[in-house]
Trainee: 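My structure is below; once you've seen it, I'll send some questions.
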Amino acid sequence: MPSNPLPTRLSRLLPIVYLLVTLALWLFVWLHAFGMDMTHDEAYSFKLIKTNYFTALFGSANTHWLNSFFMEILNMVFGDSPGWLRLHSVMAFPFFAWAIYRLGNFIKGMPARIIFYALLLLNPYVLDFFSLARGYGLAMTFQAWSLVYFVKATTNEFRYRNWLWVFFLHLLAIASNLSYFYTVVGMAAWYAYIILIPKLTGRAIDRRNVWLLIFYFVLLLLTVADLLFIKYYGKDLGYGGDTDLIGSLFGSVWEGSLYGANYGQLLPVLTQVSFYCLVLAGAYYIFHFLRSKIASTGFLLSIPLISILLLNIFFHLLFNTPFLYGRTALQWYIPGILLICIAAGELLSISKVSRIAGAGIATILPVLIVIHHNKQTDRELCFEWSLQANTTKAIHALYMHKPQHPAMGFSVGGVYENYYSLLDSSLHPTPIDLPDQKQDCANPAMKETLQQSDYIITAYPATLLCLQQLGLRYEVIGSYPPGTNQLIRIYH
């Protein structure tokens with residue numbers, strides 16, 4: 001906890017403002033969840049639960065266990081509407097916000113705390129995942145609460161119950177998304193350290209603690225086994241970065257946070273600055289621990305971050321597993337931003353000048369993020385799956401024209417196959433695959449598909465260029481913003 005409490009008046013005002021902001025953001029999350037059409041990955045999860053194809057859950061990286069469980073329940077209770085299938089993620093948001101508020105209490109001083117709240121709560125990329133039937137919003141919620149209890153369990157007198165809560169929250173985080181294994185390993189290793197080295201901790205080994213450690217080992221072993229099964233049997237663990245660890249792990253999260261906005265060199269600056277700030281802050285708190293043997297909050301937050309970084313390198317070198325990227329890389333964001341803000345809170349309290357500078361940043365930053373949020377977001381679209389925005393109109397418009405040989409690209413084909421075709425048997429004939437992922441006419445499959453099709457849905461201008469190169473007459477029948485999909489009739 002911060003050593004210097006906030007002034008009484010401000011400390012009373014902060015929770016009220018925080019609550020009002022949380023409620024406003026929760027309203028946005030509701031509108032977003034019920035405003036978007038089904039996205040690609042959601043559609044595949046829907047297909048598995050709709051067709052009771054549960055055995056496929058073990059071999060697909062698309063499987064987020066708790067998400068699939070809730071989708072099954074919500075589908076039975078409320079039906080097939082995308083908004084209702086996302087209800088569990090929507091309901092998780094206030095619990096996430098509550099955990100973020102609790103974590104903010106570890107930060108010294110009002111300015112750094114406000115900066116932390118702004119970066120976590122107002123980030124449109126983070127908010128996306130509380131409006132989708134995916135496991136990332138749930139995983140971030142359980143990760144945030146696990147950090148609350150992890151710090152509590154370590155900095156206070158050792159209590160088995162606190163560690164049991166940490167384990168339970170880790171179990172839920174992994175069940176929400178298997179990739180959060182990267183976060184859990186570090187904290188599990190710290191638990192093993194404090195219970196297996198009684199000479200350093202001054203405490204006898206308790207049987208309950210050993211059993212909890214065994215449960216940790218089993219949980220992590222089963223998670224690794226399923227991940228390897230997905231990689232080598234399901235062959236579905238290819239999402240991520242291949243070469244640039246820093247760009248993949250940090251840059252991709254900032255790219256999502258910028259939400260497609262072009263702010264000059266801001267993306268590489270954020271990537272490099274966040275990485276080096278974490279290295280410096282982590283090194284400082286680790287050095288302080290080695291000297292004092294006191295586990296500060298900053299040191300404890302360094303543990304999952306080191307775990308994430310080292311396991312990325314380890315699995316990439318040993319199994320050629322891609323680096324965490326985008327939505328899977330988000331797991332560094334909560335402990336990472338918290339660690340930076342804890343260090344910043346200490347630095348900003350050094351002098352009056354630094355306190356004034358911190359107050360200025362804390363005033364301006366939330367305003368800038370709100371402006372960015374309002375400018376870039378749309379309730380019908382999310383950053384990761386923007387290609388599926390407004391697909392309902394596009395697909396139904398296509399079949400209103402009674403096509404004989406329709407084709408759809410990746411932007412719509414997957415969601416058609418795994419969602420729309422399961423709900424409406426009139427959406428036939430089944431479209432053939434259009435390889436429209438930024439391909440041009442150098443791709444023979446593109447030529448062949450366009451020469452056979454009478455109607456297509458595509459999201460890429462390269463498709464229109466190919467039609468022109470092939471000498472095919474065409475007509476753009478409809479466009480479907482905020483996405484880039486177009487319905488096109490081809491005349492043969």
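Positions are given from 1 along the sequence. Since we're looking at a predicted model, the values are computed, not measured.
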Trainee: For atom OH of Tyr239, decide whether the heavy atoms of other residues, nucleotides or ligands shown that lie under 6.0 angstrom number more than 12.
Mentor: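 Atom OH in Tyr239 is packed in, count exceeds 12.
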Trainee: Check step by step if side-chain contact (heavy atoms from CB on, under 4.5 Å) holds for His64 and Ser176.
Mentor: CA-CA 5 Å; His64 303 166; Ser176 300; over 6 Å; no
Trainee: Lys375 side chain to Ala261 main-chain N or O, any donor-acceptor pair under 3.5 Å?
Mentor: no
Trainee: Hey, are the side chains of Leu434 and Leu450 touching, using non-hydrogen atoms and a 4.5 Å cut-off?
Mentor: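 With C-beta onward as the side chain, the pair touches.
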Trainee: Give me the atom names and distance for the closest heavy-atom approach of Leu85 to Leu74.
Mentor: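 Reported closest heavy-atom pair: O-CD1, 3.8 Å.
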Trainee: Name the one of Phe410, Trp385, Tyr416 that satisfies ring-ring contact (aromatic ring centres under 6.0 Å, His included) with His40?
Mentor: Phe410
Trainee: Is the count of non-hydrogen atoms from other residues, nucleotides or ligands lying under 6.0 Å from Tyr455 atom OH greater than 12?
Mentor: yes
Trainee: Tell me if a side-chain donor or acceptor on His316 pairs with a main-chain N or O of Thr321 at a distance below 3.5 Å.
Mentor: yes
Trainee: What is the ring orientation for His396 with Tyr420, classed by angle as parallel under 30°, tilted 30 to 60°, or perpendicular over 60°?
Mentor: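 Perpendicular.
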Trainee: Could you tell me whether the side chain of Thr377 reaches within less than 4.5 Å of the side chain of Leu127, counting heavy atoms only?
Mentor: no
Trainee: Side chains of Tyr180 and Met140: closer than 4.5 Å at any heavy-atom pair?
Mentor: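 Of all side-chain heavy-atom pairs linking Met140 with Tyr180, at least one is under 4.5 Å.
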Trainee: Is it true that a side-chain atom of Thr271 and a backbone atom of Gly247 form a donor plus acceptor pair closer than 3.5 Å?
Mentor: no
Trainee: State whether the side chain of Asn62 and the backbone N or O of Asp41 hold a donor-acceptor pair below 3.5 Å, judged by distance alone.
Mentor: yes
Trainee: May I ask you to decide whether Asp37 forms a salt bridge with Lys393, counting only side-chain N to carboxylate O separations under 4.0 Å?
Mentor: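 Here Asp37 does not pair with Lys393 in a salt bridge, since their nearest N and O are not under 4.0 Å apart.
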Trainee: Are the side chain of Trp332 and the backbone N or O of Leu309 linked by a donor-acceptor pair below 3.5 Å?
Mentor: no
Trainee: Of the options Leu339, Leu147, Thr183, Val126, which is the one that meets Ile334 in a side chain to side chain contact (heavy atoms under 4.5 Å, CB included)?
Mentor: Leu147
Trainee: Which pairs with one or both residues in residues 122-141 pass side chain to side chain donor-acceptor pair (under 3.5 Å), sequence neighbours excluded?
Mentor: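 Every side chain to side chain donor-acceptor pair (under 3.5 Å) pair that includes a residue of residues 122-141, provided the two are not neighbours, is His32-Ser131, Ser45-Arg134, Asn123-Ser257, Asn123-Tyr333, Tyr125-Glu384, Asp128-Tyr259, Tyr136-Arg327.
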Trainee: May I ask you to test the Asn390-Asn485 pair for a side-chain heavy-atom distance under 4.5 Å?
Mentor: no
Trainee: How far apart are the closest heavy atoms of Cys441 and Lys447, and which atoms are they?
Mentor: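 Shortest heavy-atom separation between Cys441 and Lys447 comes out as O-CE, 2.7 Å.
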Trainee: Taking the six-membered ring for Trp, are Phe34 and Trp30 parallel (under 30°), tilted (30 to 60°) or perpendicular (over 60°)?
Mentor: parallel
Trainee: Begin with the C-alpha distance, continue with both residues' side-chain angles, and end with the deciding distance and a verdict on side-chain hydrogen bond (donor to acceptor under 3.5 Å, both in side chains) for Gln388 and Thr391.
Mentor: CA-CA 6 Å; Gln388 285 80 54; Thr391 49; over 6 Å; no
Trainee: Run the side-chain contact (heavy atoms from CB on, under 4.5 Å) test on Leu119 and Leu365 for me, step by step, so that the C-alpha distance in whole Å, both residues' side-chain angles and the decisive distance to 0.1 Å come before the verdict.
Mentor: CA-CA 9 Å; Leu119 289 172; Leu365 183 64; 4.2 Å; yes
Trainee: Would you mind reporting whether Leu138 and Leu172 have side-chain heavy atoms less than 4.5 Å apart?
Mentor: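 No, their side chains stay 4.5 Å or more apart.
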Trainee: Please walk me through it: do Ser179 and Thr328 pass side-chain hydrogen bond (donor to acceptor under 3.5 Å, both in side chains)?
Mentor: CA-CA 6 Å; Ser179 70; Thr328 59; 5.3 Å; no
Trainee: When you measure from the side chain of Ser307 to the backbone N and O of Tyr182, does any donor-acceptor pair fall under 3.5 Å?
Mentor: yes
Trainee: Whether the side chain of Asn312 engages the backbone of Ile308 through a donor-acceptor N/O pair (distance < 3.5 Å, no angle test) should be reported.
Mentor: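 Yes: the side chain of Asn312 pairs with the backbone of Ile308.
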Trainee: Is any side-chain heavy atom of Val90 closer than 4.5 Å to a side-chain heavy atom of Trp26?
Mentor: yes
Trainee: Any non-hydrogen side-chain atom of Pro111 less than 4.5 Å from a side-chain atom of Ile361?
Mentor: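 No, side chains not in contact.
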Trainee: Are any non-hydrogen side-chain atoms of Pro304 and Gln331 less than 4.5 angstrom apart?
Mentor: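 A side-chain contact under 4.5 Å is absent here.
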